[in-house]
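To start, the structure under review is shown below, and the notes come after it.
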Amino acid sequence: MKSEERPCLTVITGCDSGIGAALCDLYLARGHTVLAGYFGSLPEPASSRHVPFPLDLRSEKSITAFAGAALDNLKDGLALYAVVQNAGTVVASPVENVPIAALREAFEVNFFGAYLLTRHLIPAILSDRSRIVLVGSLAGRIALPYFSPYVSSKFAMEGFADSLRREMATFGVKTILFEPAAVATPIWNSSWERIRRDFLPLIGTRYRAVFEEVGASFVAGGNRGLSPGVAARMMADRVARKRPHARYIVTKSPILSAIETLLPDRILDFLIAIAFKTARR
């Protein structure tokens, strides 16, 4: 990477908590300047190299301003090391009951926002042969029932990552997709509280009991996952490799998760039905 020749700027979205916050701390500790995107209130800068900036991926104006801040920082002689598209939201509901506005919001945050921000920064990425880091989800390969808004947006990220990787490879740019299976971040509990508040009243009786069971199981699994700090180190070390893989599953059990992605649909359907008790009684 050309960026290794000069002090580095790393751009990270979704730094409010979890993996994004851990990545921000890690890259600051490694001497990078970090442009850190926050959806909520901005923290006090941790150091002179910590640049907190507001970012709402639902807003094209906000995305443009954030990209502009990245380009402004590069004028100070920094090289763009990596753009880490980490921000995301969880939306869950039975297909019959999901509000279309909620589906659109899931795509705005999890897909369209990342797509647009990447597009804004491609000239700088090409100039420094930076790394493009996309944070998807194992749910982008294994679709759970009742999570179609979230799952669909993550499947879209998978396609984007493959296409972008092949597009950028011609110019010596590496695109890396991370697929967290379970990382113990606050997103699970906070998202489930919001889902129960906003969507549960809309859900019919034929789905409600199983929906609550699936959601509770999903949240519990997330809370048992890797710590954000461990996940961040795994990701940063793989981004730094000379020849990183196209995708990495981020989990305590990488072999088991990899096997799950290879199972035939019929077997996977059966196992998910058993796990979440969604099989017909």
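Nothing fancy with the numbering, it's 1 onward along the sequence. The basis for the numbers below is simple: all heavy atoms, side chains too, and nothing from hydrogens, waters or symmetry mates.
Remark: the backbone N or O of Leu35 is not paired with any side-chain donor or acceptor of Asn73 at under 3.5 angstrom. Listed for the Asn110 side chain is no donor-acceptor partner under 3.5 Å among the backbone atoms of Lys154. Side-chain atoms of Arg141 do not come within 3.5 Å of backbone N or O of Glu179 as any donor-acceptor pair. Within the 3.5 Å criterion, the main-chain N or O of Leu80 finds a donor-acceptor partner in the side chain of Ser130. In this structure, the side chain of Ser127 does not engage the main chain of Pro123 through any donor-acceptor pair within 3.5 Å. Thr13 places a side-chain N or O within 3.5 Å of a backbone atom of Asn86 that can act as its donor or acceptor partner. Here the side chain of Arg194 pairs no donor or acceptor atom with the backbone of Ser190 at under 3.5 angstrom. Remark: side-chain polar atoms of Arg49 are not paired, donor with acceptor, to backbone N or O of Val34 under 3.5 angstrom. With Gln85 contributing its side chain and Ala114 its backbone, the two residues share a donor-acceptor pair below 3.5 Å. Judged purely by atom type and a 3.5 angstrom limit, Ser163 has no side-chain atom pairing as donor or acceptor with the backbone of Phe160.
Using a 4.0 Å cut-off between a side-chain N of Lys or Arg and a carboxylate O of Asp or Glu, Asp162 and Arg165 qualify as a salt bridge. In this structure, Arg6 pairs ionically with Asp128, as a charged nitrogen and a carboxylate oxygen lie closer than 4.0 Å. A salt bridge between Arg206 and Glu96 is present, with a side-chain N of the basic residue lying under 4.0 Å from a carboxylate O of the acidic one.
Other residues, nucleotides and ligands place no more than 12 heavy atoms under 6.0 Å from the OH atom of Tyr115.
A heavy-atom distance below 4.5 Å is not found between the side chains of Arg196 and Glu193. Using a 4.5 Å cut-off on side-chain heavy atoms (C-beta onward), Asp72 and Lys75 make contact. Inter-residue side-chain proximity for His32 and Cys8 is flagged as met; some heavy-atom pair is nearer than 4.5 Å. Using a 4.5 Å heavy-atom cutoff, the side chains of Met235 and Val135 are in contact. You'll find the side chain of Ile249 stays beyond 4.5 Å of the side chain of Phe178, heavy atoms only. In this structure, the side chains of Ser93 and Tyr146 stay at 4.5 Å or more apart for every pair of heavy atoms. With contacts defined as side-chain heavy-atom distances shorter than 4.5 Å, the pair Arg208/Leu200 qualifies. You'll find the side chain of Leu9 reaches within 4.5 Å of the side chain of Leu74, heavy atoms only.
Side-chain contact of Asp56 with Ser62: a donor-acceptor pair under 3.5 Å is absent, judged by distance alone.
To the nearest 0.5 Å, the span separating CD on Glu158 from CZ on Arg247 amounts to 5.0 Å. Atom CD1 of Ile195 is separated from atom CD of Glu212 by 11.5 Å, given to the nearest 0.5 angstrom.
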Yes or no on side chain to side chain contact (heavy atoms under 4.5 Å, CB included) for Phe66 and Leu57, after CA distance, side-chain angles and deciding distance? CA-CA 10 Å; Phe66 185 77; Leu57 288 169; over 6 Å; no
